[in-house]
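Worksheet for the structure shown next.
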Amino acid sequence: MTITWCRLDVSDFPRLGQWLQQPHVARWWHHETSPEAVLRDFGPAARGEEPSENLLVAVDGTPVALVQRSWIADYPQYMGDLAAQAEIPEQAMTLDYLIGDPALTGRGLGTRIVRAIVAATWTDHPEATSLIIPVHAANRASWRALEKAGLHRYTEASLEPDNPADDRAHVVYRIDRPAL
């Protein structure tokens with residue numbers, strides 16, 4: 001299995017819109033899925049107008065997932081919410097991720113993708129000191145994937161959920177840059 005990725009492009013938006021409509025994604029992402037909404041929310045990063053990296057992940061050449069990677073400090077509200085509850089290094093990054101096809105979930109693919117992106121982060125962003133990833137406490141599949149990928153549960157936090165039906169309970173995972 002070969003995992004690769006590239007920056008998400010506007011031409012990928014129809015696929016992303018379909019993924020966001022999948023019940024296993026919609027449950028946690030709670031995102032508008034119209035073409036206009038996808039363009040509005042993902043277009044700025046695709047055009048380089050927003051600092052986050054939206055990565056289209058492929059397995060053996062077939063797109064299967066989206067990973068968002070960003071510096072926590074680039075989003076002051078997010079940084080403030082996290083930093084009020086846990087120590088967040090200045091050079092910390094974060095990830096968010098989804099697997100688009102429900103048939104590909106529950107097979108360890110998320111773990112392999114996260115592991116690959118984490119390893120690449122240390123090369124792609126040599127100034128990054130850690131990855132801090134909050135996950136809703138009820139999203140067991142997501143936080144288990146993080147644990148299997150080598151992250152450890154760092155703390156718990158009360159954060160605004162992506163889905164307004166959820167409470168504020170989050171678990172926060174962390175991995176630090178490996179020592180040389």
Side-chain angles (χ1 to χ4, degrees), residues 1-33 35 37-72 74-75 78 92-126 128 130-136 139-152 162-163 171-178:
M1 173 185 300
T2 303
I3 298 172
T4 57
W5 55 85
C6 61
R7 293 292 291 251
L8 186 73
D9 185 74
V10 173
S11 64
D12 302 311
F13 287 3
R15 178 188 321 269
L16 177 58
Q18 291 172 348
W19 288 349
L20 291 167
Q21 291 175 21
Q22 296 297 314
H24 74 285
V25 174
R27 166 66 184 95
W28 301 110
W29 280 63
H30 195 72
H31 202 282
E32 290 183 53
T33 60
V38 173
L39 179 63
R40 177 194 68 223
D41 295 340
F42 295 89
R47 294 187 301 269
E49 299 166 1
E50 183 178 325
S52 69
E53 300 170 299
N54 291 329
L55 307 172
L56 182 68
V57 180
V59 172
D60 297 331
T62 301
V64 297
L66 172 74
V67 173
Q68 294 180 309
R69 180 171 61 183
S70 60
W71 295 99
I72 295 175
D74 282 343
Y75 299 89
Y78 185 57
M93 297 191 82
T94 192
L95 301 177
D96 203 353
Y97 42 87
L98 65 84
I99 294 176
D101 182 347
L104 298 175
T105 63
R107 300 173 164 197
L109 181 59
T111 297
R112 289 191 288 274
I113 290 170
V114 169
R115 192 178 294 133
I117 296 289
V118 167
T121 298
W122 310 134
T123 303
D124 296 347
H125 299 284
S130 59
L131 280 158
I132 309 286
I133 305 172
V135 178
H136 193 274
N139 192 347
R140 182 175 170 79
S142 184
W143 53 261
R144 286 293 296 139
L146 293 173
E147 290 172 352
K148 291 175 185 176
L151 285 85
H152 70 275
D162 290 332
N163 188 331
V171 289
V172 181
Y173 281 82
R174 178 175 178 161
I175 190 167
D176 293 321
R177 174 179 291 281

Within the side chain of [X], is there an N or O that forms a donor-acceptor pair under 3.5 Å with the backbone of [Y]?
| X | Y | result |
| --- | --- | --- |
| Asp12 | Asp9 | yes |
| Thr105 | Pro102 | yes |
| Thr62 | Ala58 | no |
| Arg47 | Phe42 | no |
| His152 | Tyr173 | no |
| Arg15 | Ser11 | no |

*Under the criterion side-chain contact (heavy atoms from CB on, under 4.5 Å), which of Ile133, Ile113, Leu131 is the partner of Val118?*
Leu131

Heavy-atom side-chain contact between [X] and [Y] under 4.5 Å:
| X | Y | value |
| --- | --- | --- |
| Asn54 | Arg69 | no |
| Trp29 | Asn163 | no |
| Val25 | Arg27 | no |
| Val57 | Leu66 | no |
| Asp162 | Trp28 | no |
| Val114 | Tyr97 | yes |
| Trp19 | Leu98 | yes |
| Pro134 | Thr94 | yes |

Which heavy atom of [X] sits nearest a heavy atom of [Y], and at what distance?
| X | Y | result |
| --- | --- | --- |
| Arg40 | Pro44 | O-CD, 3.3 Å |
| Gly17 | Val38 | CA-CG2, 4.0 Å |
| Ala116 | Trp5 | O-CH2, 3.7 Å |

State the [atom1]-[atom2] distance between [X] and [Y], to the nearest 0.5 angstrom.
| X | Y | atom1 | atom2 | value |
| --- | --- | --- | --- | --- |
| Leu95 | Leu146 | CG | CG | 8.0 Å |
| Arg174 | Ile132 | CZ | CD1 | 4.5 Å |
| Arg115 | Ile3 | CZ | CD1 | 9.0 Å |
| Asp101 | His24 | CG | NE2 | 7.0 Å |
| Gln22 | Ile99 | CD | CD1 | 12.5 Å |
| Asp176 | Ser130 | CG | OG | 5.0 Å |

*Check salt bridge (charged side-chain N to carboxylate O under 4.0 Å, His left out) between Arg7 and all other residues, then give those that pass, not counting sequence neighbours.*
none

_For His30, all residues meeting ring pair (Phe, Tyr, Trp, His ring centres under 6.0 Å), sequence neighbours excluded_ = none

*Where do Leu8 and Leu55 land on the side-chain contact (heavy atoms from CB on, under 4.5 Å) test, with the steps shown first?*
CA-CA 5 Å; Leu8 186 73; Leu55 307 172; over 6 Å; no

*Determine, step by step, whether Tyr78 and Ser70 satisfy the side-chain contact (heavy atoms from CB on, under 4.5 Å) criterion, reporting the C-alpha distance in whole Å, the side-chain angles of both residues, the deciding distance to 0.1 Å, and the verdict.*
CA-CA 11 Å; Tyr78 185 57; Ser70 60; 5.9 Å; no

_Geometric class of the Trp71/His125 ring pair [parallel <30°, tilted 30-60°, perpendicular >60°]_ = perpendicular

*Evaluate side-chain contact (heavy atoms from CB on, under 4.5 Å) for Phe13 paired with Leu39, printing each intermediate quantity in order.*
CA-CA 7 Å; Phe13 287 3; Leu39 179 63; 3.8 Å; yes

